[in-house]
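Below you'll find the structure, written out as structure tokens, and then a few comments.
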Amino acid sequence: DKLDRNGHKQWTITPWENGDFRGIAVDDTGIYATGELDVADVTQLDLDGRFLRHFGHGGRFFGELAVGRSGIYAPSTYDYSSTLMRQYAHDGRLLWSRRSRLDGGNVLRPQGVAVDATGIYLSNTLLNQFTAPRVLVSKLSPNGNELWALALANNAEVTGLTLRNG
């Protein structure tokens, strides 16, 4: 839903073709939404909520997406044991795709993504049948190469990621 400054609904959008929205990001080029969409990785709308395009190949998205000056960043689950991080140009072209994989029966569920001038930050929930859930955070370079990864919490799940200066 888009609300005005007073909280009144301006318009509502719904997912297309068997899906639901989980993440939304906005910049001056449009509104980008992702979720569990069968038709595409990302749906782009103009700032008035009119459909512009779908792009990507369809996947299992569990969390957010981020929009930066260099494009749209969309993490997804590839086969439940790996995260597939993709960067798209604002016109929907795939710029790069990187896959990180865990072994040993682990399930990796991407939940949050944020970008700044130095790179891309990704939060995941790591699920395993033998241990409690864990939160993993990693940083990727602007071209998608992993710089570091850190386990932050045991017996916890993450639902998003926000960057703050200071």
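- Minimum interatomic distance between H90 and R69 (heavy atoms only, all atoms of both residues): CE1-O, 3.6 Å.
- Not counting sequence neighbours, the partners of N143 by the side chain to side chain donor-acceptor pair (under 3.5 Å) test are S141, N145.
- For the salt bridge (Lys or Arg N to Asp or Glu O under 4.0 Å) test, residues two or more places apart in sequence or in another chain that qualify with R93 are D91.
- With sequence neighbours excluded, no residue forms a salt bridge (Lys or Arg N to Asp or Glu O under 4.0 Å) with D27.
- Residues forming a side chain to side chain contact (heavy atoms under 4.5 Å, CB included) with I120 (at least two apart in sequence, or on another chain): Y73, M85, W96, V113, V115, L140.
- Note: I72 CD1 to T29 OG1 = 6.0 Å, rounded to the nearest 0.5 Å.
- To the nearest 0.5 Å, the span separating CZ on R86 from CG on L95 amounts to 12.5 Å.
- In this structure, the separation between CD on Q44 and CG on L52 is 5.0 Å, given to the nearest 0.5 Å.
- The closest donor-acceptor contact from the side chain of D46 to the backbone of D48 lies under 3.5 Å.
- The two residues A66 and A114 have their closest heavy-atom pair at CB-CA, 4.2 Å.
- Using a 4.5 Å heavy-atom cutoff, the side chains of L47 and I31 are in contact.
- Scanning both residues, E146 and S138, for their nearest heavy atoms gives OE2-CB, 3.9 Å.
- In terms of heavy atoms, A25 sits closest to V67 at CB-CG2, 3.4 Å.
- Not counting sequence neighbours, D28 has no partner by the salt bridge (Lys or Arg N to Asp or Glu O under 4.0 Å) test.
- The nearest pair of heavy atoms linking A74 to V42 is CB-CG2, 4.2 Å.
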